[in-house]
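Have a look at the structure below before the remarks.
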Amino acid sequence: MSQEPTYASDERGANGRTERIVELLTSTGERAGTALVYSSAYLAAIATVEVAIAMALLSLSPNPAPVVVGLVTFAVYTNDRVADADTDAVSDPERAAFVRRHRDALYLLASIAYGLAVAISVLGGPVALAVTLLPGVFWVAYAADWIPNVSPHVRRLKEVLVVNSLVVALAWATTLTALPVAFTDAAITPGTAVVFAYFLLRSFVDTEIPNVGDIEADRAIGVATLPVAFGVPATRRALYAVDLLTVVLVAAAVVTGVLATGPAVALGAGVAYSLVVTGLLGRVDTDALELASECEYLVVAAALVGPLLVA
Amino acid sequence: MLVAVVVGMTAALLAWRERQEPGAVPLTAMLAGQVWWSVFFIFEYHAPTLAEKVFYSDVQWVGVVVIPVAWLLFALEYTGRDRYVRPRYIALLSLVPAVTVVLAATNDYHDLLYLDTRLVTEGGRVVLDRVGGPWYWVITGYTYLLGLLGSIPLLGLVRSDAVPFRGQSLGLLVGTLAPWASNVLFLVGAVPVPNLDPTPVFFAVSGVAYLGAITRFRLLGTSPSANHRARRLVFERMREGAVVVDRHDYVVDMNEQAAEILDIDPRDVLGDPATEVIPRYEHLPEEGRASRHLTLGEGIQTRQYDATVTAVDDFHGRSLGGVISFHDVSDHLRRQQRLEVLNRVLRHNIRTETNLIYGNADLIDAEGDHVDAIKAGAMRIEEISDKARDVIDIFERGRQSGRSLTLSGVLEECVATLREEYPSVTVDLEIESAVDSVDASGAAVSPVLTSVVKNVVENAAEHNDAADPWVRIRATCAEETVEISVADNGPGISDHERTALERGNETPLDHGSGLGLWLIAWGAEMADGDLEIDDREGGGTVVTVRVPRLAPVEE
């Protein structure tokens, strides 16, 4: 009997240690997850996957393009989040708080990332360098406050309906397609055009989905987006149309022999996934949906790599 | 060279973020020029043909020529000489660089920039070997000239004010000298790889060094050498303590008085956060005087200070920091305390004791004349104490700036009091405008004027022993001033009273008969006006008070 309390105490001690370890792992994991999501590092990872998809679709040899695009994505999005931390406080207070707390470190990391990206792209030649600089230029045009100061007639592109999303989509489609081509000195083919068009359409959808959660904030700062101008149901229908346009594009590419059936199926799986995500627009939490929509490329990558692994 | 691109690009982005800081924009341009130079140098190095190598070599000039101009502009802005950073001067400085770029693009037609261009093999690699033409030496000289001009103020900064910031000073020194030293080594052929100019790499080093400095101690540069000594002298000799803080609230300078007031050694605290050096720093306003006095010292050494913050902006209106000055108000506060005690004594103690004398006089068993004399004496004591209280009231009102009364309100109150106290005296009031557009009655005047005019008219009535005593008040209101003249047919004011007033003080042997005239004189002075006392033709006196009109704020 006298042993019982000691035994119980040991058990509690062992359980306590386990709990502490679990708690430590949980909190560390949460912090890492938070940093990954809020710092836009996950976007960099997805952008890297996107370039890998483009390289696979165009059958290009391995080159540093995915790394460069990952670094540029991290730099541009982190810069954007640091610059917009105050306005984001309305739509996403937790992310804005994270960005504000680590503002200096994030800006430093973003600057180093962009510096590295530019330096690596120099190895790819002038075209690779120009393509790497392109998102930075678009980013300045997209968000810089000094443009209205230069001319009162020039509105920030960020505030103009459709143009804002189209500018972002254009920048990414160009970068994702042109950079691996530039690094490998590959020729421009109809396949290149299809890949470019594919990423243009997909990036447009990826850009408009988060706007649903930012309606109040965008309205407050005078930014015109589809949800602000036409409401959520109309936005949903518009994005369905873009998804279907992607299907038409891929189908046409297959029919004309520009794209093989295997990759086309993988892209189709991505669009099917996107249709589901678009269908949930306005019906579930937008933050989760934003994350889900950006994971479309993981689905495509899995569909591309899966059969190879099985074989 | 790739490392130079990474460092240069990163530093340029970081400098761009600090673009509100003086010097940050030219620094960004300098770093961008360095990155441009490095990038196209790499392209030139890897290019396979002569034509491509020549093209990339020519394109490098765009970055090369930006560097000296941006360098000089950075030095000027950073050291507080930003008045020279104007579009016209920038355009003038950019003239030679622009010509250079044009000559580089068209060299085949004139050979002004390069006399000869060929490929040579060095260390197993084919590199470009170019022989400079006349313009090459012009742009080289121009680059060194601007480099030298920019280095002078920067080195001056290292030599003088930056002494307490030794770490940063070292950064400045390295940042200034490194690229020029490397370029000289390149020109004399003392670099490991001939035809590989290491200067862009060292400009990256400069950029990082200055980037660190730019965010830390900007204000040290605001003492240009030409005026340095004179300004320094004024700063050191001023009676007030002064502490200079930068825009990030770090102490960057202080004079001896401030060190004495705060009881610190300046060498120990320069570069420290102001919150650790100046008590209650966080409660100071952005600009202007603090609402509370700062009390420093202990026991009998305790002293009070008025702390005032003066913002310091640069030529373009950007904030550089501020100066916190400490004005010792201990003596002023002590005098104020003494006045308050005096006020209480006059208001309470003397009045009580006088009433006691007056009351007890009735109980004295003596002849009626003696009792009346005691009572009259007691009444005079009370009158004097009333006047003394009026004087203190005037001083009190004088401190309350921003308040005003209407002219008609002041004069009518005085007339009403006079008629009540001296019913036998005929009082005549007239208010008129000197110009038609002015509303004389509603003109705003200092509240102090009430006590002044009241004493002038009481003085005119009290001593008036004429058979038909009268007092005439004429107020004339002009656009900016109000003139009030009070005439009477009394016996006039004695010469020795007027002499004491004109002299401004009294002696034990030569003094006035009371406080009334002093009250009038001090009151007029506190209302920023002046006072004239003249004899009236046909007997009596004319007292004229001239005061400025105030902004109309009702009390």
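Note: hydrogens, waters and symmetry copies are ignored here, and every other heavy atom, side chains too, is used. The chains referred to below are lettered A, B, ... by the order of the sequence lines, with proteins before strands, and numbering in each begins at 1.
- To the nearest 0.5 Å, the span separating CE on B:Met9 from OG1 on A:Thr132 amounts to 10.0 Å.
- For A:Leu129, the part lying near chain B is the side chain, with the backbone staying farther off; criterion is any non-hydrogen pair under 4.5 Å.
- For B:Arg88, there are no salt bridge (charged side-chain N to carboxylate O under 4.0 Å, His left out) partners two or more places apart in sequence or in a different chain.
- Residue-environment remark: CD (B:Glu286) stays at or below the threshold of 12 foreign heavy atoms within 6.0 Å.
- Here the shortest heavy-atom pairing between A:Ser111 and B:Thr10 reads O-OG1, 3.4 Å.
- Taking 4.5 Å as the heavy-atom cut-off, the residues of residues 112-124 of chain A that approach chain B are A:Ile112, A:Tyr114, A:Gly115, A:Leu116, A:Val118, A:Ala119, A:Val122, A:Leu123, ordered by number.
- When all heavy atoms are compared, the tightest approach of B:Tyr56 to A:Pro126 is OH-CG, 2.9 Å.
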